[in-house]
Every structure is written in C-alpha cells, then in structure tokens.
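Every chain is numbered from 1, with letters handed out A, B, ... down the list of sequences. Source: prediction; values computed, not measured.
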Number of protein chains: 2
Amino acid sequence: MPPIKVKMLETEGGAGATKAARTKRPRPQTRIQREKQEVILEAALDVFSREGFRGATIDQIAEAAGMSKPNLLYYFPRKEEIYKRLMTEMLDIWLAPLREIDSVGDPVSELRSYIRRKIEMSRDYPRQSRLFANEMLQGGPRVVDVLETDLKTLVDDKAQIMLGWMETGKIVRTDPYHLIFSIWATTQHYADFDVQVRAVLGKDRGGEGRFEDAARFLENLFLYGLLPK
Amino acid sequence: MPPIKVKMLETEGGAGATKAARTKRPRPQTRIQREKQEVILEAALDVFSREGFRGATIDQIAEAAGMSKPNLLYYFPRKEEIYKRLMTEMLDIWLAPLREIDSVGDPVSELRSYIRRKIEMSRDYPRQSRLFANEMLQGGPRVVDVLETDLKTLVDDKAQIMLGWMETGKIVRTDPYHLIFSIWATTQHYADFDVQVRAVLGKDRGGEGRFEDAARFLENLFLYGLLPK
DNA sequence: CAGAAATTTGACCAGTTGGAAAAAACGCTA
DNA sequence: TAGCGTTTTTTCCAACTGGTCAAATTTCTG
C-alpha cells in the first residue's frame, strides 16, 4: 500500500513548494498568491471553455493572464491542476440551483424559479456552462464518477420530490428525469449555443433582452405547453 | 478582381494533385480515393466531435482510419480541409429536419414530427451533433457566416409559418424563435450530453429506450405543459 | 535596511504537431 | 508484361507543446 497521498494537495498552502514548505507545516497563502491564482483561473476559464482541455495550451492561458508560462507554472505546476480546480468550482455553481429545489414549496413556483435561476446562470456564468458542455462532449473523462454518484443521487432525490408533486395533482404526471433534462437543456442552450442564438435572433433581438425573453417563453412552455386550453 | 477561385476545389477530382492533374482537366476519382476518403471522414468525425478542431490531431485521425499520417495527408492535404468537409456534411444533416417543416400540414402534427425527427437525429447521428456543439462552444469561427445567412433565413421562414399557425389558433401565441431554440436544445441534449444522461438514468433506464422515452416526454411537454387542465 | 522567502525570468529540453519531399511499391491498362 | 499514374512509406523539418531549472529580481519581515 502506498504512503499517504499528498499529491492532490501540492497546490495548497503555497504555490512554489520549497523543500521547507513540503516538510514543515504549510505556510499560509500570500496576497500575491491569492491574486495571481485568481487571475490565472479567470484566464484559464476563458481558454478552457472555448477550446476544451486538449485544445487549450498553457501559453494561451499565460498570455491571457498576462504572465509568462514558467511564472504561471509556478502557481499551478500542471495544466491538469488548473482544469481540475475549474471543474470543481464549476460543478458547485452548476449544481446550486438544483440543490435549492425544495419539496415544501409550491410545485409551480418551485419549477418556475428553478427555470429562472438556470437562465440567470446562463446569462451570468456562460463560460462555466461551456466548460461543462465541453467536458461532456469529450465524454466527461474527468467527471463521470461525480455524475454517476453525487449528481445521480441529487437528481434521484429531486425526481422523488417531483413525483410527490405529481401525486398531489399540482402538476401533471410525467417523467421527472426527462423533465429535469429538458430544463437543463433549454436553459443552458442560451450559454452554450450563444453564437447561434444571436445569429438567428439578429442584431435587433439578440441583445441582453434575449435572456428575459427566454425566461418568459420557457415558463409558459413548461407550464402551459403549446395547445390552447 | 482576382482570377477564378479554384482553391476550395483542390481536393476535388483526385487527391494527390500531380502537375498533370492540375493543368489538365481533373481525372475522375478512383475507387480507392472514394473509399479511403470515406474512411478518413468517418475517423475524423469520431475525433473532431470529441476533441474539437484544435484538440484533434492528424495522428489520432490517421490511426483511427488505420493509415499513416502522410498517407492521410495524401487524400486531404490539410487538417482544416477534413474539418470543413465534415462541417458542410453535418450542416446538411442538421438542417434537414427543419427544412421539412411544412406550412400546409397540421401544426400539431408538424411540430410533433419535427421533435421526433430531431430526437432520431440525436440517436442516429450523435457525432454530427457533437461536432456542431463543439464548433458552437468555440464561437463557431468556421460557420458564423452560414448561421447569420442561410440558417437565419431558414429560421425566419419557419418562424413565419409558426406565426401563421398561431393566427389560426391551432397553437398558442408565443415566440416562435425561442420555440425553435427549445426544440433544438431538448433534442440535441440527448446526443451532446449523452454521458450525463446515461449517468443520471443509471444502468437500468439508460439503455436505447431513453430516446423513445425522451420523444414521448417531449411531445407531451411541448403540447400540454405541466399544469393539469 | 539586511536577510530570507517569495516571485519572476530566461534558457532549455524532450516529445508532439502539422506538413513537405522524395523514393518506393502498387495496380491498372495498353 | 511494360509502363505510367496512383498510392504508400520513409525521412525529415520547423514550430509548438508541457514542463524543468537555476539565476535574477522583488517583496516581506524583523
């Protein structure tokens, strides 16, 4: 059996892991470390969300972050480290709205505000959405396990809640899993396919208002469908 | 004004553009050329749809196609050439269902079968869907112009048809653009986010049946929504 | 301000990448 | 089957890639 794994923690405490820092208790992060790491993560989010893991290069990220490659590598010793950090941060943000769904609240207003929150995420965190989408397209090699455990558990839970709602007759009886998928799909579309959305809407309708339009449209679609009563 | 552009046609006629072939009239494609090009495009679709343009390498494609890199380059002299071919082929497939929407047919059955066709596309051409998604995430540098012209025109046209349907009262009055977006999003989700869908559905429900389930769910959602009548 | 620690830089490296060139092998047809 | 065009392989290259290392510089702390 191998010794205790500290590998994943190497970035913690401080960046440049001097011999001293490795053997003694980790020093607290300096101001510069916090700042630069933030700048790097910000730049990396830009690049990774566009190009995916393989397509992105350290040079690109370093340039976007306004520093030299070796300097960047001083803070994050490997490319994958940056990516992994972004992935966990992103997953937190991505899951938050789903977590908020409450079994106690009114089904209709719960669903309505879930859709709202997800649309707002597409508006406010489009790069995180694209980062996730990119990872999915690649088959999610770095997150499958999270999807199969944490995500699945969470969705199972929320699906159960929705089944409860359906029991009460407040919403129609249908497949809660595909319902959740369709909310994900429709809302994230506005971040992931932004180019397409704006191209199709054209200059006049493609402005910031598109998110509000989308939210209103989706609320109506999900509640009432297309058939007149 | 520049002379006639033959640049885009270089691949045409034959692969290895010998001096003779360039100056004389193009020779017809040989059997081997057709076959190998097919094999290459098939392999390239695999790789590009996973890794995106930058992330994919000629070596990967060559290996997947079972040939050496220089041999592959004999058929497609540059990486971008392969990608562009795949893009146009994909766009054709991708647009086909939308093109089929007919103003004459019954609105409800037109919409229903549009959703069906799009779900079937996700089932039968998932790689093309992912290729497109990948291009979108990168900001669509190689297709924006097509989106802003051909696609926009087509969508404008179909949106007009839908507005007509709404006039007749057969379907509810709503935003046809966002309606189209939501159909795209929900259906393509099953190709683009396949890993996630299967992870969440689990082994038991994640089989081939998921496409049929999705189709049924979406038809109901789009027609009736979630509120009980 | 001195010294130590933290940060940045420049030079460097081995492996990969897209692609060129030429020679070798193949296959069709006269 | 000879010959010519087609296909494949071998060799090669310059640019790029992720990453290392020691030296130089800057920043913090007493």
Side-chain angles (χ1 to χ4, degrees), chain A residues 7 10-40 43-44 47-48 51-85, chain B residues 10-40 43-44 47-48 51-84:
Chain A
K7 258 302 167 52
E10 264 181 358
T11 338
E12 145 279 343
T18 49
K19 238 166 270 170
R22 251 210 312 278
T23 52
K24 296 183 193 256
R25 123 178 64 92
R27 283 165 199 283
Q29 282 196 307
T30 69
R31 171 186 53 89
I32 293 186
Q33 273 169 31
R34 274 191 307 274
E35 286 173 7
K36 296 275 163 123
Q37 284 188 22
E38 211 28 67
V39 173
I40 292 169
V47 180
F48 279 132
E51 310 280 6
F53 182 76
R54 281 230 54 202
T57 74
I58 301 185
D59 280 294
Q60 280 177 88
I61 299 172
E63 170 159 12
M67 65 183 73
S68 68
K69 180 169 60 168
N71 196 183
L72 181 152
L73 286 167
Y74 169 72
Y75 293 101
F76 291 90
R78 17 213 87 246
K79 185 184 174 184
E80 194 151 351
E81 222 104 325
I82 313 177
Y83 190 78
K84 266 154 60 177
R85 256 289 275 287
Chain B
E10 263 181 0
T11 338
E12 142 279 344
T18 50
K19 237 167 276 171
R22 252 210 312 277
T23 51
K24 297 184 192 258
R25 121 178 64 96
R27 283 164 199 282
Q29 283 195 305
T30 68
R31 171 185 54 89
I32 295 186
Q33 274 170 27
R34 273 191 307 275
E35 287 173 6
K36 296 272 164 125
Q37 285 189 19
E38 211 28 66
V39 173
I40 292 171
V47 181
F48 279 132
E51 312 278 6
F53 182 75
R54 282 231 51 202
T57 74
I58 301 184
D59 281 294
Q60 281 176 87
I61 300 171
E63 170 159 13
M67 66 183 71
S68 69
K69 179 170 60 167
N71 196 181
L72 182 151
L73 284 168
Y74 169 71
Y75 293 101
F76 292 89
R78 19 211 86 247
K79 186 183 173 183
E80 194 150 349
E81 221 104 326
I82 314 176
Y83 191 78
K84 265 153 58 178

J.: Sequence neighbours excluded, which residues qualify as side-chain contact (heavy atoms from CB on, under 4.5 Å) partners of B/A56?
T.: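 Result, side-chain contact (heavy atoms from CB on, under 4.5 Å) vs B/A56: B/V47, B/F48, B/E51.
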J.: Is the shortest side-chain N/O distance from A/Q33 to OP1 or OP2 of C/dT7 below 4.0 Å?
T.: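 Indeed, a polar side-chain atom of A/Q33 lies that close.
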J.: Who passes side chain to side chain donor-acceptor pair (under 3.5 Å) against B/Q60, sequence neighbours left out?
T.: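 Expected list: B/T57.
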J.: Is there a side-chain polar atom (N or O) of B/Y75 under 4.0 Å from OP1 or OP2 of D/dT8?
T.: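 For D/dT8, OP1/OP2 do have a side-chain N/O of B/Y75 under 4.0 Å.
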J.: D/dT8 phosphate, OP1 or OP2: any side-chain N/O from B/Y74 under 4.0 angstrom?
T.: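 For B/Y74, the contact criterion (side-chain N or O under 4.0 Å from OP1 or OP2 of D/dT8) is not met.
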J.: For nucleotides 23-26 of chain C, print each protein N/O atom paired with a nucleotide N/O atom at under 3.5 Å, atom names and distance only.
T.:
none

J.: Could you tell me the separation between the CD1 atom of B/I40 and the CD1 atom of B/I58, rounded to the nearest 0.5 Å?
T.: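 With rounding to 0.5 Å, CD1 (B/I40) is 10.5 Å from CD1 (B/I58).
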J.: Using a cut-off of 4.0 Å between protein heavy atoms and nucleotide atoms, how would you tag nucleotides 10-30 of chain D 5' to 3' with B, S and -?
T.: B------SBBB-------S--
J.: Please name all residues satisfying salt bridge (Lys or Arg N to Asp or Glu O under 4.0 Å) with B/K69, sequence neighbours left out, ordered by chain then number.
T.: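 Salt bridge (Lys or Arg N to Asp or Glu O under 4.0 Å) check on B/K69 returns B/D59.
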J.: What residues form a side-chain contact (heavy atoms from CB on, under 4.5 Å) with A/R34, not counting sequence neighbours?
T.: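 With neighbours one apart ignored, the set is A/Q29, A/R31.
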J.: If I take atom CD1 from residue B/I61 and atom CE from residue B/M67, how far apart are they, to the nearest 0.5 angstrom?
T.: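 Separation between the atoms: 11.0 Å.
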J.: With sequence neighbours excluded, tell me which residues meet salt bridge (Lys or Arg N to Asp or Glu O under 4.0 Å) with B/E63.
T.: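 Listed in chain order: nothing, the list is empty.
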J.: Starting at CZ of B/F76 and ending at P of C/dG18, how long is that distance when rounded to a whole Å?
T.: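 In whole Å, C/dG18 P lies 16 Å from B/F76 CZ.
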J.: Report the residues that fulfil side-chain contact (heavy atoms from CB on, under 4.5 Å) with B/E38, sequence neighbours left out, ordered by chain and then residue number.
T.: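 Partners of B/E38 under the side-chain contact (heavy atoms from CB on, under 4.5 Å) test: B/L41.
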J.: Tell me the interatomic distance from A/E35, atom CD, to C/dT8, atom C1', rounded to whole angstroms.
T.: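 Taking CD of A/E35 and C1' of C/dT8, I get 15 Å after rounding.
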